[in-house]
Structures are given as C-alpha cells and as structure tokens.
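Notes for the one structure printed next.
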Amino acid sequence: MIFSLLVTIMLAVGPVAASAATAPQQIIYPRPESEHDSRYLYDWEVLRMALEKTRASFGPYELHQAAQYMSPARVTAEAAGPGPINLFVRATSVQLEQQFRPVRIPVDRGLIGYRLLLVRNEDLPRFAGVDTLDQLRRFRIGQGKGWVDVGILQAAGFKVVEGNNYDGLFSMLTVKRFDALSRSVDEALREYDERHEQVGFEVEPSLALYYPLARYFFTRRDAEGEVLARRLEAGLEAMVQDGSLQALFMTYKGPLIKRSGLAQRRLFRIPNPSLPPETPLARSELWYRPQESAGKH
C-alpha cells in the first residue's frame, strides 16, 4: 500500500519533472572527512541507483561531490544553507528529522545498529571475560563528537569519550584515551583492514552490541528538497520491491557480515531513546536481521 501511494505521488510529480528535462536535477553530496574515509562508498551507490530508477518519471539528474573534505557538523551546516550541499546521509534522530527532510528507508538496512568493538591487542583477554551488560559498561567507549550513538550509549549507562575527528579516534584508542571504539559491523572490519597495521588494534571476536538505528538520506526542508526526497522515496521503494537494494547491500556488506560471525556473537541489546517514533520498524523487509544466536541478552 505504501509503495502504491508513492508510485501515485511519483506519477503526479513526474510530468512536472519531465517538462524540465532540459534542466537536470542538481544533487550535491558531501565529501568525507579525509582521504582515508571510505565509509560512504556504498551509500552513494545506493543513491545513484535510486536516481536511475526514477530517471523516466523524474527526469535527468547531475550528481556531484562537494569539493572539500568536511566533518559531520560542517556537512549539517552546509546542508542547512546557504552551502551547496543539498543531500547527505546520517544516522537519524528526532532533532535531525526536525531540521531536515528524512527519506525513511534505511540505506544500510539498519546494519549500523549492530556494533562491534575495536580494542587494543593487549586488552583482548579483558573483553573475553565479559558475560553481562554490566561488565561491558565498565569499559570506556570511544565515539565521534556529535554522533547520535553518544546519547544512546550514555543513556544505557556507558561512559563515552568523544573525539573531535574521525581519523583521530584510532590514535585515541592506541594511546588509551578509551578502551574500545564502537563501530558498526561493516565499519569495524573495513577499518581494521585499512588501519590496523599502522595503529595496532583488533576486532574483539566474541561480543556485539545492538540498538535500533536507521541511516537515511536527508534533504533540505524546502520545495526543492521535497521534490528530491520524493524522488528518492520512489527510487528506494522500487529497489526494495525488485530486490536490488538487498542485492547491493549483500554485495557491499555481505562478505564483512559473514566474516564478523555476527550470529555467533554474544549480543547485548540496549534501547535507543533518540529513535523517532516514525521509524518504520514494522516493515521487516527494510531491515537486516542476523540469525538469532543463543547468546542473546
């Protein structure tokens, strides 16, 4: 029913877009924080596919990346105007959805909510002895400044240490500013591959943390942003229906999920008090679900 409604909206808006076929829709998305930051490659592939799925109904587009590397705070400021960025991807929160227009289809199918821990090599035995959530709370957890995860972890009783920039978090782990860096399943394995030889850390092999969280595309809350958001909703819904979103997800994320052994880990669940009530948790087709493990807590 939701998909049918969006198709109706798409068809209604389509003729307007088609009449402007000589003026391609301009989409400018952020450059990451540094040249070593590969977190968003999958997201932009999803974006391109969603735009292609809607080319016939919404018309041509031009997709550009911003010229400068920038922090999440800078991205938000630029996207709010009058900067050139008119779309970004981010883990959602009530505050973010009030400021920007969310496209409420999880880009990474909620995988960001499944968290692994990057720890120093010598600390692996300390984490191996963790059997309860209270024991896990004894460790200081590193996060980036302003990340939505900070409030989630603090509300669950964790002591969180924030770093000012993404690259610096790995150095902070090495010099013992905190005990573990909490990262999503795919981020943890990719960052290990990219950085462990220079920094010296391991992916803790037995534990995982989970809280419900969605990463969405966000646009500005203006007429232009609304048209772009509707286009992305139509494109992403089409991808969900024809299976191409799931296929792209498994191409990019599947090998890392398998390698993580997520279903066999001791999984600790905590709530997400910042999750907006409009989050489509009831739509099971939008979310990745690992095999239920015996170590659920």
Side-chain angles (χ1 to χ4, degrees), residues 31-45 69-72 89 91 108 111-130 135-150 152-153 158-211 213 215 249-268 288 290 293 295:
R31 189 172 291 274
E33 289 194 55
S34 75
E35 61 180 330
H36 306 295
D37 185 357
S38 63
R39 288 175 290 174
Y40 302 98
L41 296 178
Y42 162 78
D43 304 324
W44 308 138
E45 284 302 309
Y69 298 111
M70 56 185 70
S71 68
V89 64
D108 69 348
L111 186 64
I112 191 174
Y114 292 92
R115 316 293 293 188
L116 304 185
L117 301 176
L118 302 180
V119 305
R120 292 179 293 276
N121 306 58
E122 65 267 25
D123 286 341
L124 285 170
R126 297 173 62 201
F127 286 90
V130 171
Q135 290 174 332
L136 189 60
R137 289 188 180 105
R138 297 172 188 170
F139 296 96
R140 297 167 299 164
I141 305 297
Q143 289 289 274
K145 191 171 186 63
W147 291 1
V148 68
D149 312 83
V150 173
I152 297 170
L153 291 166
F158 286 93
K159 181 178 180 181
V160 180
V161 179
E162 296 179 71
N164 288 323
N165 67 80
Y166 171 64
D167 288 333
L169 288 168
F170 302 94
S171 300
M172 290 176 70
L173 175 62
T174 301
V175 300
K176 301 186 178 182
R177 291 285 304 281
F178 47 75
D179 302 305
L181 179 57
S182 172
R183 306 297 288 139
S184 68
V185 169
D186 58 319
E187 291 171 333
L189 272 297
R190 180 172 40 74
E191 289 163 351
Y192 171 80
D193 291 341
E194 293 172 350
R195 299 169 183 266
H196 77 279
E197 291 184 0
Q198 293 78 24
V199 182
F201 60 84
E202 297 287 342
V203 179
E204 199 288 323
S206 62
L207 307 174
L209 191 64
Y210 173 74
Y211 39 85
L213 188 57
R215 295 175 71 249
F249 173 84
M250 291 309 298
T251 296
Y252 274 81
K253 313 291 189 182
L256 294 174
I257 294 171
K258 182 177 180 180
R259 184 174 147 202
S260 75
L262 180 59
Q264 287 73 50
R265 287 172 175 267
R266 189 175 302 117
L267 184 65
F268 299 97
Y288 171 72
S293 68

Could you tell me if the side chain of Val130 sits less than 4.5 Å from the side chain of Ser206, heavy atoms only? no

Once you round to the nearest 0.5 Å, how far does [atom1] of [X] lie from [atom2] of [Y]?
X: Ile141; Y: Phe178; atom1: CD1; atom2: CZ; value: 9.0 Å
X: Arg120; Y: Arg126; atom1: CZ; atom2: CZ; value: 7.0 Å
X: Tyr252; Y: Asp43; atom1: OH; atom2: CG; value: 10.0 Å
X: Arg177; Y: Glu162; atom1: CZ; atom2: CD; value: 11.0 Å
X: Glu191; Y: Leu181; atom1: CD; atom2: CG; value: 6.5 Å
X: Arg215; Y: Leu111; atom1: CZ; atom2: CG; value: 9.5 Å

Closest non-hydrogen atom pair, [X] against [Y]:
X: Arg266; Y: Leu207; result: NH1-CD2, 3.3 Å
X: Val161; Y: Arg140; result: CG2-CB, 4.4 Å
X: Ala180; Y: Val119; result: CB-CG1, 3.8 Å
X: Gly113; Y: Leu213; result: CA-CB, 4.3 Å
X: Gly144; Y: Val150; result: O-CG2, 3.6 Å

With a 4.0 Å cut-off, would you call Asp179 and Lys159 a salt bridge?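 Looking at Lys159 together with Asp179, the answer is no, because their closest N to O distance does not fall below 4.0 Å.
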
Side chain to side chain contact (heavy atoms under 4.5 Å, CB included) involving Ala188 - partner list, sequence neighbours excluded: Leu116, Leu118, Arg183

Would you say the side-chain atoms of Arg265 pair up with the backbone N or O of Ser260, donor to acceptor, closer than 3.5 Å? yes

Side chain Arg115, main chain Ser182, donor-acceptor under 3.5 Å: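 Yes; at least one donor-acceptor contact below 3.5 Å.
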
Identified side-chain contact (heavy atoms from CB on, under 4.5 Å) partner of Leu209 from the options Leu267, Ile152, Leu153: Leu153

Contacts of Tyr192 that satisfy ring-ring contact (aromatic ring centres under 6.0 Å, His included) - sequence neighbours left out: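 By the ring-ring contact (aromatic ring centres under 6.0 Å, His included) rule, Tyr192 matches His196.
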
May I ask you to decide if the ring planes of Tyr288 and Phe249 are parallel, tilted or perpendicular, using 30° and 60° as cut-offs?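 Aromatic pair Tyr288/Phe249 classed tilted.
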
What verdict does the side chain to side chain contact (heavy atoms under 4.5 Å, CB included) test give for Val89 and Trp44, after you've listed the backbone C-alpha separation in whole Å, the side-chain angles of each residue and the deciding distance to 0.1 Å? CA-CA 9 Å; Val89 64; Trp44 308 138; 3.9 Å; yes

Pair Tyr42-Asp186, side chain to side chain contact (heavy atoms under 4.5 Å, CB included): steps then yes or no: CA-CA 11 Å; Tyr42 162 78; Asp186 58 319; over 6 Å; no

CZ/Arg137: more than 12 non-hydrogen atoms of other groups inside 6.0 Å: yes

Does the pair Leu117 and Phe139 meet the rule for a side chain to side chain contact (heavy atoms under 4.5 Å, CB included), with working shown? CA-CA 11 Å; Leu117 301 176; Phe139 296 96; over 6 Å; no

Candidate pair Lys145 and Asn165, rule side chain to side chain contact (heavy atoms under 4.5 Å, CB included), full reasoning: CA-CA 7 Å; Lys145 191 171 186 63; Asn165 67 80; over 6 Å; no

Going by atom types alone, do Asp149 and Tyr211 pair a side-chain donor with an acceptor below 3.5 Å?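 A donor-acceptor contact under 3.5 Å links the two side chains.
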
Asp167 and Arg195: salt bridge (Lys or Arg N to Asp or Glu O under 4.0 Å), yes or no, with the steps? CA-CA 10 Å; Asp167 288 333; Arg195 299 169 183 266; 2.9 Å; yes

